[in-house]
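For reference, the structure discussed in these notes is given below.
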Amino acid sequence: MIKIELIEIGQYLPINLKKFIKKLNSIQNSFHFYSKQENINIDTNLQPKYNGLFFNSNDIFSSVLKNSTNTDDLKIAIGAISIVHIEDENIENNIDIEEYEWFGVWQNNLCPINQKYNNIGLISLKQWMQNYEQESYRTNEQYLCHMIIAFIGDILYSGKLTHADFRWCIFDLNDDMHSISESVKKCNLSQGVQEIILKEKPIIQDVSGTQILESFNRMAKFVRQPNISSIFRFLNENAITQFFIIGILLANSLNPLLTVANGSIFSSGLMGIIFISIFFYLRHKPYGKLK
């Protein structure tokens with residue numbers, strides 16, 4: 001198995017990292033995720049730059065490497081922080097620094113980084129939580145899982161999986177958070193990406209391409225399926241539930257063959273069956289805002 005360390009950075013992480021790691025390890029067999037330390041408190045160890053609002057990715061990479069013991073394992077730093085990736089340390093503070101803000105930084109064609117940080121990734125949840133978590137009907141854990149797949153694929157296949165054409169694929173060349181959100185909702189691996197995984201040898205050959213593809217597909221399924229709370233929120237925000245309740249009660253009241261008691265039992269049972277059917281359909285075949 002390929003070992004991947006998840007490292008909490010900053011003072012606040014909006015997930016339970018231990019439960020998340022347990023989930024990741026339970027749904028696939030190619031990667032072993034683990035966490036050895038509680039966190040790297042970059043708020044204390046690092047000085048935010050650019051008017052004191054943003055952390056530079058290279059500073060975070062350096063801190064992760066400094067606090068690392070297993071330098072051969074892949075590492076992903078996770079936090080709800082504002083990050084920028086700028087190679088020029090002398091950039092002026094008075095420019096529009098938000099143009100440089102990133103949601104994920106690691107070695108790929110879009111974002112080349114220092115060679116010594118090749119096996120380290122950085123994922124920020126800040127933009128996701130502020131603008132896309134609610135409207136996507138996907139959790140922070142699902143977003144992170146999507147980004148983790150992208151990181152692992154870029155590293156293991158040296159950027160060969162990323163493509164410029166838009167396929168609703170994890171490895172679309174997504175350079176904005178809206179595209180990432182759409183990719184999360186439809187999370188899949190395109191046919192071309194699957195062929196490369198099966199054909200090319202990963203740079204870490206502890207597992208085969210077939211195993212990696214199977215694990216990626218299982219992780220992608222976890223990402224694209226809305227969870228229970230998201231489905232309930234979707235139903236509550238739409239008129240579907242109310243329409244069914246009113247329709248069943250109206251049909252029951254107009255049916256002279258049913259007594260009051262039997263009618264109540266019948267309508268409750270029918271409503272329950274319909275609701276459960278809708279729930280499972282939305283879980284496996286999401287549509288509208290869920291998709």
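Asn118 is linked by a side chain to side chain donor-acceptor pair (under 3.5 Å) to Gln107, counting only residues two or more places apart in sequence or in another chain. Remark: Ser124 engages no residue in a side chain to side chain donor-acceptor pair (under 3.5 Å) (not counting sequence neighbours).
At a threshold of 4.5 Å between non-hydrogen side-chain atoms, the residues His163 and Asp172 count as touching. For the pair Asn140 and Pro14, the minimum side-chain heavy-atom distance is below 4.5 Å. In this structure the side chain of Phe33 reaches within 4.5 angstrom of the side chain of Ile148, judged on heavy atoms. Residues Met1 and Ser30 have side chains not in contact (no heavy-atom distance under 4.5 Å, counting atoms from C-beta outward). By the 4.5 Å heavy-atom criterion applied to side chains, Leu122 and Phe55 are not counted as neighbours. A 4.5 Å side-chain heavy-atom check between Met219 and Ile27 finds at least one atom pair inside the cut-off. For the pair Met147 and Ile78, the minimum side-chain heavy-atom distance is 4.5 Å or more. Looking at heavy atoms from C-beta onward, Thr210 lies in side-chain contact with Leu198 at the 4.5 angstrom threshold.
Shown here for Ser136 and Glu133, the closest heavy-atom pair between the two residues is OG-O, 3.1 Å. Looking at every heavy atom in both residues, Phe171 comes nearest to Leu189 through CE1-CD2, 4.3 Å. The two residues Phe54 and Ser82 come nearest to each other via the heavy atoms CD2-CB, 3.5 Å. Residue Val207 comes nearest to Pro202 through the heavy atom pair O-CG, 4.0 Å, listed as atom of the first residue, atom of the second, then distance. Nearest heavy atom pair, residue Asn29 against residue Ser215, reads N-OG, 3.5 Å. Closest of all the heavy-atom pairs between Lys160 and Ile196 is O-CD1, 3.4 Å.
We find the CZ-CG distance between Arg218 and Leu24 to be 13.5 Å, quoted to the nearest 0.5 Å. The distance from the NE2 atom of His146 to the CD atom of Glu141 is 15.5 Å, given to the nearest 0.5 Å. Here Tyr157 contributes atom OH and Glu200 contributes atom CD; the two are 8.5 Å apart, rounded to the nearest 0.5 Å. Taking CZ of Phe151 as the start and CD1 of Ile120 as the end, the distance is 8.5 Å to the nearest 0.5 Å. Atom CH2 of Trp106 sits about 12.5 Å away from atom OG of Ser57, to the nearest 0.5 Å. Distance check: Leu6 CG to Lys75 NZ gives 10.5 Å after rounding to the nearest 0.5 Å.
Listed by first then second residue, pairs satisfying salt bridge (charged side-chain N to carboxylate O under 4.0 Å, His left out) with a partner in residues 16-32 number zero, not counting sequence neighbours.
Using cut-offs of 30° and 60° for the angle between ring planes, the Trp128 and Tyr143 rings count as parallel.
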Check the pair Ile204, Leu74 against side-chain contact (heavy atoms from CB on, under 4.5 Å), reporting the backbone distance first and the verdict last.
CA-CA 10 Å; Ile204 302 175; Leu74 301 183; 4.2 Å; yes

Could you go through the side-chain contact (heavy atoms from CB on, under 4.5 Å) check for Leu13 and Leu125 one step at a time?
CA-CA 9 Å; Leu13 186 66; Leu125 289 100; 4.2 Å; yes

side-chain contact (heavy atoms from CB on, under 4.5 Å) assessment of Leu156 paired with Ile2
CA-CA 10 Å; Leu156 293 185; Ile2 298 173; 3.8 Å; yes

Before you tell me yes or no, could you show the steps for Tyr34 and Asp73 under side-chain contact (heavy atoms from CB on, under 4.5 Å), namely the whole-Å CA-CA distance, both residues' side-chain angles and the distance that decides it to 0.1 Å?
CA-CA 10 Å; Tyr34 70 95; Asp73 295 348; 2.6 Å; yes

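Although no hydrogens or angles enter the test, the distance criterion places no donor-acceptor pair under 3.5 Å between the side chain of Ser35 and the main chain of Ile7. At least one donor-acceptor pair closer than 3.5 Å links the side chain of Gln142 to the backbone N or O of Phe222.
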